[in-house]
Amino acid sequence: MTGNRISGPLHDVAGEAGHDDHPPRVGFFTDTSVCIGCKACEVACKEWNAVPEDGLDMLGMSYDNTGSLGANSWRHVAFIEQPRSTGRQDPGFLGLPTGPTGTSIMAEAVGPRLRDSERGGSELGTGPLDAPKAESEHPVQELGMPAFARPGDATGAEGRTDFRWLMASDVCKHCTHAGCLDVCPTGALFRTEFGTVVVQQDICNGCGYCVSGCPYGVIDRRPHDGRAQKCTLCYDRLHGGLEPACAKACPTDSIQFGELDELRERADRRLAQLHELGVGEARLYGRDPDDGVGGDGAFFLLLDEPEVYGLPPDPVVPTRDAPSMWRRAGAAAAAFALAGVGAFVSAAIGARR
Amino acid sequence: MTEREGTSHSDTERVGEAAAQAENRDIDQRVAPPAEPPEQSSEEGSIGREAQLFQGSGLGRRRRRGGRGRGEPTVVPDAEFRSYYGRPVLKAPVWEWKIAAYLFAGGLAAGSSVVAAGADLTGRPALRRAGWLGSFAALLASLYFLVSDLGRPERFHHMLRVLKPTSPMSVGTWILSVFGPGVGAAAVRELVPRRWRRTWPARLLDRLARPLGLSAAVTAPGVASYTAVLLSHTAVPGWNEVRDELPFVFAGSAAASGGGFGMLCAPVEEAAPARVFAAVGAAGELLAAKRMEQRMGLIGEVYRHGKVHRLRRASEVLTLAGLAGTVLVAGRSRSGAAASGLALLAGSALQRFGVFEAGMESTKDPRYVVVPQRERLAAREARAAVAPPDPG
């Protein structure tokens, strides 16, 4: 037994979970700087794992019509349009009359639908969003007819901006200290010999505690099925010595699968390379074993702050505070018991007077 | 493909117009939330709209500073943050109102069992009978709420496969498993018809009821307070950030409801201990809730606005009224005792629904996840900057 069983760096996660003779911990390194947004990972994941469709929907979030990870989306490609370039990269628009991004218009289309939906948009990636409740309150977004003019022609040079597209394939982080796994009351969620976190579908009774336990908002309950669902890091393929379907399908090696230690080294090298190339905004997310979840099994190279991609900037596993929470609950329980005993003792004294 | 290109062309044109109105704005910049309520700012042009959308602050009706003219002190500065199309970072809990109802029913079962066991030991038969029957009914309701809220109710017994100290739900399952049989035995004893009293099973039950009932009463403090950990041991900001005070709020609420139930159902001359228990519980709940509200950071916005605020304010008023009634009139008047008991029960229930709803609301806006975490990171960086360099 080592220290840091509920939070902090933990090198041998599988060993800590009781696997004596186990393979090295594996994971994903998702280098978003080379993601081209093809969504092959989403498709490959759905096909291999037989994940049902999550509703065909045009969300108004750039090319992202998946919305987020969920019970029926175990990979999710985020698209962010920004009026700047990456590092010294030439966006290829030199001399072209490009205009600013349409992000604000798109956000206007999705905003009311997120606010009107029952779970505030958490169900994205699990099922379709409802249409806005009152059409008069949120009029249908007019996207206009296709035009023959070149983009930005109408505004002239002063309306032009740089442009870049951030694309990132999100996935379950397979945390070192996994909130979902810690709170699961049935043992359905378990730590595999590969150090990954998987739901056993024949055990899960759909209590929904993992949904609230995850600091990344990854796992969700599948409607009509009633059980919790998330990425398994293709547990079945790992057994067969294959890499997960998403990594296999990724045409640019943005999703890299491998032993976690090796991936971390590779990520460090890639980060140094990008910084050398002038991409100062590049950063690793989830790589640090000292973070609130003890480091992620699936970590990322991002080109902006994590929240821009919909990721929490400083996630912490709730279990970290469990000892202090139980101490407070113990104190409250003692006060409750004391009040109960005191009530009868005081009544007895009062009656004797 | 041509369709996509066409759409993006006209998109850009439209945005071009918007950009002309708001020169040099950069969506990549951090934008502060609009100072006006969003209903008004939506007419102000694209900056206001965009700020709302990227802040997710269209939800903001309920959390404008000093909203509704109640003159609340502004403790939380307007925080700027970025998000992915205003989409929530966390998943809203999948739990329904049944879980909030369970929080109340479980607390009532715990509080009533303490009253009943004490009444049993001190010779108060009417209070004992009311306590055990109330506790048992609340326990059965709890089990119904818990099981029917599962995605797969027929698999409820999978909870009994393991005992996991890291899962408050698992710990709670086992606490309830210890608590339940004692309450059941004591309550069934109260229900045995007179003509069966002399049969041997009834006599055996008679003998077992007291020790089993006492075992339930000993477990009751756990039942009353673990539910706070159940909520706080999540990533949900509205529950996690009140983790220090919530056990006291819930334990007080449980005592108030248990005592209140005794006052409602037992005659005044037997109910003295129930009144003390209820009064201490109600006072504890009110104090702990006040302390919780004072210590809240950004999440206080959720607690101080909209439905959550209405529920908890009503709870506060009812609990205060119940407390006053308990102290002033419940010892003299049967109807006064019943009214005070009802007020305490209603106050306890509304407290649970308010806290439950606060958690749900806090997950629907990325603000409550991103802003506190950003502040935490900034504080850590500041600490690292002033820390002396490592010698060695």
Pairs of heavy atoms under 4.5 Å with chain A: top-ranked of B/Val223, B/Val162, B/Val229, B/Leu377: B/Val229

Leading residue by heavy atom contact count with chain A [cutoff under 4.5 Å; candidates B/Pro247, B/Ser170, B/Pro273]: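 The residue among B/Pro247, B/Ser170, B/Pro273 with the greatest pair count is B/Pro273.
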
B/Tyr84 ring center within less than 6.0 Å of A/Phe79 ring center: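 No, ring centres 6.0 Å or more apart.
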
Quick check on [X] against chain B: is it the side chain, the backbone, both or neither that has a heavy atom closer than 4.5 Å?
X        : answer
A/Ala228 : neither
A/Cys184 : both
A/Leu59  : neither
A/Asp182 : both

Qualifying residues under salt bridge (charged side-chain N to carboxylate O under 4.0 Å, His left out), relative to A/Asp170, sequence neighbours excluded: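 Listed in chain order: A/Lys173.
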
Where does [X] contact chain A at under 4.5 Å (heavy atoms): side chain, backbone, both or neither?
X        : value
B/Ala255 : both
B/Phe250 : neither
B/Leu246 : neither

Test item: side-chain donor near acceptor, A/Gln201 and A/Gln229, under 3.5 Å: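 Yes, a side-chain donor-acceptor pair sits under 3.5 Å.
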
